[in-house]
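Note that ligands are numbered from 1 as they come in the structure, with each ligand's atoms numbered from 1 the same way. Since the structure is predicted, the reported quantities are computational estimates derived from the model, not experimental observations.
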Amino acid sequence: MTTVAQSSPMEVARHWRRRRNIGGFVLITEPHVVPLLRSNIWMVSGRDRDLVIDAGLGLVPLRPYLPTDADRPVTLVATHAHRDHVGAAHEFLDLCAHRLEAQAIEEATDDIPLDVSMWPDELLAGFERKGYQCRCGTLSALPFSGFSAVDEHLKPARVSQLVDEGDIIDLGDQCFEVLHLPGHSPGSIGLFQRSTGAFFSGDVIYDGPLLDDIEGADRGAYCRTMERLLSLPVRSVFPGHGPAFGRSRLLEIARHYLRTWERLR
Ligand SMILES: [Zn+2]
Ligand SMILES: [Zn+2]
């Protein structure tokens, strides 16, 4: 167990989530969550169905917050099974994930406590070495009055459809190709829209410290994934954490990773 900083009682957030339009897509974030666990929720409105990519921490219901059309079905694609991406996954009847992540989603195994005093010190120190500060807690405000981080657990969700490399998510007027991109986790997937070069990358690549030494991560596989990204005709990256970025930044991040782990290639 570890020592965490004492702070004054936390206030309830006036607005738990924030919604913006980025590059023609909707981005929903949870600004009162520390960057380590503050994942991006992306939404694409299609002619026949809406697509949601990842579901955030899920401390308050997500579905009512989504600007979806009541007449259109909604598909959630979970890029992987980590808690910060599947917290609200149980709210979706149509839930797609890779077979190597499905069991963890259905059994809610990535139930990392939101109360950092329950984290082993080596876990906290490992995240700090990467540049993630969590010692003061995982939240800077409460999602609702009476919320208790200690009592909060990840809920199991039923994966209705397994997806794998080459599968197509068809919204009627636009398509997304599933790419299997292991490294951060065994069944991490990205969604690539070939017609526009838009790439929803999950935690495979974002502009921040990448997590490649956590349980289930594999640096050799990560190197192969980065090599693959170099040759993919991506124009814009809509990542699982942090801001969207363009092709040149993707190339910089991928090349830097490959230089760092040259010996594993
Ligand atoms: Zn994440
Ligand atoms: Zn992750």
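- For the Zn ion (ligand 2), the nearby protein N/O/S atoms, meaning those under 2.8 Å, are His80 NE2, His82 ND1, His184 NE2, Asp203 OD2.
- Ring orientation note: the planes of Trp261 and Tyr257 are tilted relative to one another, at an angle of 30° to 60°.
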Ignoring hydrogens and angles, write down the donor-acceptor pairs under 3.5 Å from the side chains of residues 27-34, residues two or more places apart or on other chains.
unit_1: Glu30; atom_1: OE1; unit_2: Leu57; atom_2: N; d: 3.1

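- Side-chain atoms of Asp207 and His241 include no donor-acceptor pair closer than 3.5 Å.
- Among residues two or more places apart in sequence or in another chain, the side-chain hydrogen bond (donor to acceptor under 3.5 Å, both in side chains) test is passed with Ser145 by none.
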### Task
Decide yes or no on side-chain contact (heavy atoms from CB on, under 4.5 Å) for Leu181 and Tyr222, but give the supporting numbers first.
CA-CA 8 Å; Leu181 302 167; Tyr222 222 139; over 6 Å; no
N/O donor-acceptor pairs under 3.5 Å from side chains in residues 104-113, not counting sequence neighbours:
unit_1: Glu106; atom_1: OE2; unit_2: Val159; atom_2: N; d: 2.8
unit_1: Glu107; atom_1: OE2; unit_2: Gln103; atom_2: NE2; d: 3.1
unit_1: Asp110; atom_1: OD2; unit_2: Arg83; atom_2: N; d: 2.6
unit_1: Asp111; atom_1: OD1; unit_2: Arg83; atom_2: NH1; d: 2.8
unit_1: Asp111; atom_1: OD1; unit_2: Leu154; atom_2: N; d: 2.9
unit_1: Asp111; atom_1: OD2; unit_2: His153; atom_2: ND1; d: 2.8

